[in-house]
Amino acid sequence: MTDAEARRPDPRAPWLTLDERDAGREPESEIYEGVPPHLVHDLEAWVSDTLAEDGVGDLPRLLLNSFRVSWDVPGRMTIRHHAVVRSIIRGETDWARSPRPLEPLSVLDALIALHPHWDNTRELLGYTTYRAAWGKRLGKLQELLRDTGSAWHVDFDLRGLYRRVDPTATQAWRHARAAAEDGGRSVAAKNLEEAWRLCYGQHPDPSASYSAAVKAVEAVAVPVIAPGTSKTVHAAARDLRGKLPGWEFVLVHDKSLPSGSGTADVVSAMLDRLLHGETNRHTSSDHNRPSTQAEAETAVHLAVTLVQWFLAGALTRKVAP
C-alpha cells in the first residue's frame with residue numbers, strides 16, 4: 001500500500017479539503033454508476049491505448065458488430081472503428097445507430113471479455129508477453145475505476161465489470177465456487193457464478209440471481225440429505241427438518257458435547273429461510289412477487305455459506321450405535 005492509499009482509506013470519497021480537515025469532517029463516499037465527467041478523459045485514453053496495442057486484431061470491429069452499431073458522420077467520408085468505440089466511451093453517440101443500448105460501460109465490459117489476450121490457446125508469437133501486458137493494463141483500469149469512485153471493478157475471474165463487493169465476501173464466493181469444481185459439483189459452481197453475475201453485474205436481475213443461488217445449494221444439498229434420489233431441494237429440506245435428531249452439525253451448541261456433535265437445526269433453518277425467501281415462486285399469487293436486490297444479495301451470500309458447509313461435510317448423519 002502506498003502512503004497516499006494509507007492516508008485515504010476510502011477511495012470512493014473525494015480528498016478532504018483543508019476546511020473539512022480543520023473542521024474534522026469527512027466527505028461522504030461517492031459511488032458513480034456510469035461514466036462521470038472526471039472519468040471520461042482517462043477512460044477514453046485507456047480504451048484508445050488498449051485498442052491500438054499489438055495483437056488485438058479486429059477487436060474494435062468485433063465490439064461494434066457485437067452491439068450492432070452503424071454510423072454516418074456528416075462531413076466525414078470514413079471513420080475508423082477504433083474512433084467509433086472511443087466516441088461511445090465519451091457518450092457521443094448522436095451519429096451512431098444501434099438496436100442495442102450504447103452504454104459506455106457495457107462496451108467497456110465487452111472489450112474486457114472479448115480481448116484476445118485472455119486466450120491461452122492462441123498461437124501468438126510472444127504470447128507470454130502479451131498476457132503479462134494485458135494483466136498490467138487491466139490493473140491500471142482497476143486503479144482508475146477505484147480512484148474515481150466507480151461502482152464497478154474488474155473481476156479477473158469472470159472477465160468483466162462487476163459491482164464492488166466487500167473483499168471478504170468476494171473471496172468466500174470464489175472459495176465456494178472453486179470447492180464445488182474441485183468436488184465434482186460443476187452445476188453448483190456454474191450456478192454460483194450465474195447468481196453472482198446476475199446480482200452484481202451491470203444489469204442485475206434479482207429474481208434470476210435468487211433462483212440460481214437456490215439451484216447452487218440444491219446441487220450440493222440433495223446428494224447429502226437424499227443421496228441417490230431426484231428430489232428437489234425443497235423436498236430434501238423437508239426431509240432434514242423432519243428428521244433433525246438423526247443429523248449432526250460440526251459446531252456444537254453445548255460445551256459439554258464432543259466435537260462435531262452439534263444439532264443440525266441451524267442448517268435446516270438457513271435452508272428453509274433461503275427457500276421460503278424466494279418470493280417469485282410462491283404458489284399463492286397474492287404473495288408472488290419479484291425478488292428485491294437486497295433479497296438477492298442476501299440469498300447469494302447465504303448460498304455461498306451453505307454450499308461450503310455441504311461440500312466440507314459440516315452436516316453428517318449420526319452413526320447408529
Side-chain angles (χ1 to χ4, degrees), residues 5 8-14 27-40 42-43 46-47 67 88-89 91 100-115 118 135 137-178 189-216 274 277-278 280 290-305 307-308:
E5 289 171 332
R8 186 184 178 190
D10 188 354
R12 297 171 301 179
E28 294 184 3
S29 298
E30 296 176 344
I31 294 294
Y32 297 91
E33 291 289 336
V35 181
H38 62 270
L39 173 58
V40 172
D42 288 335
L43 185 59
W46 185 89
V47 168
F67 283 87
I88 294 172
I89 295 298
R100 309 286 299 152
L102 289 180
E103 302 163 341
L105 288 184
S106 292
V107 174
L108 179 64
D109 177 63
L111 186 158
I112 295 169
L114 296 173
H115 198 286
W118 288 112
R137 186 171 293 281
L138 283 176
K140 292 293 185 183
L141 177 59
Q142 192 80 294
E143 292 175 3
L144 178 60
L145 294 173
R146 180 199 63 198
D147 293 343
T148 55
S150 176
W152 306 92
H153 78 118
V154 180
D155 190 300
F156 288 78
D157 289 339
L158 297 181
R159 301 184 181 184
L161 293 180
Y162 287 83
R163 292 182 183 276
R164 295 188 184 278
V165 190
D166 178 79
T168 302
T170 302
Q171 187 59 32
W173 166 74
R174 286 178 174 153
H175 181 74
R177 192 162 61 98
K190 180 180 178 181
N191 278 294
L192 276 181
E193 179 175 331
E194 185 77 351
W196 192 271
R197 181 181 65 80
L198 291 168
C199 189
Y200 294 112
Q202 191 171 5
H203 299 289
D205 187 335
S207 293
S209 174
Y210 202 124
S211 176
V214 170
K215 290 175 182 176
L274 175 70
E278 190 179 7
N280 69 330
S291 299
T292 67
Q293 180 66 21
E295 288 170 337
E297 291 177 9
T298 303
V300 169
H301 295 288
L302 181 55
V304 165
T305 299
V307 166
Q308 180 60 36

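- The side-chain heavy atoms of I89 and V40, taken from C-beta on, include no pair separated by under 4.5 Å.
- Heavy-atom minimum distance, E33 versus L105: O-CD1, 3.2 Å.
- For A113, there are no side-chain contact (heavy atoms from CB on, under 4.5 Å) partners at least two apart in sequence or on another chain.
- A pairwise comparison of heavy atoms in V300 and S209 identifies CG2-OG, 3.4 Å as the closest pair.
- Side chains of H203 and R197 form no contact here, defined as non-hydrogen atoms less than 4.5 Å apart.
- Within a 6.0 Å radius of CZ in R159, other residues, nucleotides and ligands contribute more than 12 heavy atoms.
- Y32 places none of its side-chain heavy atoms less than 4.5 Å from the side chain of T148.
- Panel note: side chain W152, backbone R164; no donor-acceptor pair is recorded below 3.5 Å.
- At least one donor-acceptor pair closer than 3.5 Å links the side chain of Y210 to the backbone N or O of L274.
- Remark: H115 engages H117, W134 in a ring-ring contact (aromatic ring centres under 6.0 Å, His included) (not counting sequence neighbours).
- Partners of P290 under the side-chain contact (heavy atoms from CB on, under 4.5 Å) rule, at least two apart in sequence or in another chain, are S207.
- Legend: salt bridge (Lys or Arg N to Asp or Glu O under 4.0 Å) pairs involving residues 101-115, not counting sequence neighbours: none detected.
- One distance of note links NE2 of H153 with CZ of R163; it measures 11.0 Å at 0.5 Å rounding.
- Distance check, rounded to the nearest 0.5 Å: CG of L145 to CG of L161 gives 6.5 Å.
- Of all the heavy atoms in A213 and A195, the pair that sits closest is N-CB, 3.7 Å.
- Between the CG atom in L141 and the CG atom in D42 there is a gap of 11.0 Å [rounded to 0.5 Å].
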**Prompt:** Given D155 and R174, is the salt bridge (Lys or Arg N to Asp or Glu O under 4.0 Å) satisfied, shown in steps?
**Reply:** CA-CA 11 Å; D155 190 300; R174 286 178 174 153; 3.1 Å; yes
**Request:** Given salt bridge (Lys or Arg N to Asp or Glu O under 4.0 Å), test E143 with R146 step by step and report yes or no.
**Result:** CA-CA 5 Å; E143 292 175 3; R146 180 199 63 198; 5.2 Å; no
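- Side-chain contact between L108 and W46 is present, with at least one heavy-atom pair separated by less than 4.5 Å.
- The shortest non-hydrogen separation linking Q308 to A176 is OE1-CA, 3.8 Å.
- In this structure, CG in L138 is found 12.5 Å from NZ in K140, a value given to the nearest 0.5 Å.
- With contacts defined as side-chain heavy-atom distances shorter than 4.5 Å, the pair Y200/V165 qualifies.
- Between V304 and A172, the shortest heavy-atom contact is CG1-O, 3.5 Å.
- Every side-chain contact (heavy atoms from CB on, under 4.5 Å) that Q293 has, sequence neighbours left out, goes to C199, P204, P206, E297.
- When all heavy atoms are compared, the tightest approach of S211 to E278 is CA-OE2, 3.4 Å.
- Between atom CD of residue E295 and atom CG of residue L302 there is a gap of 12.5 Å, rounded to the nearest 0.5 Å.
- Under the ring-ring contact (aromatic ring centres under 6.0 Å, His included) criterion, W173 pairs with W196, not counting sequence neighbours.
- Between atom CG of residue L192 and atom NE2 of residue H175 there is a gap of 12.0 Å, rounded to the nearest 0.5 Å.
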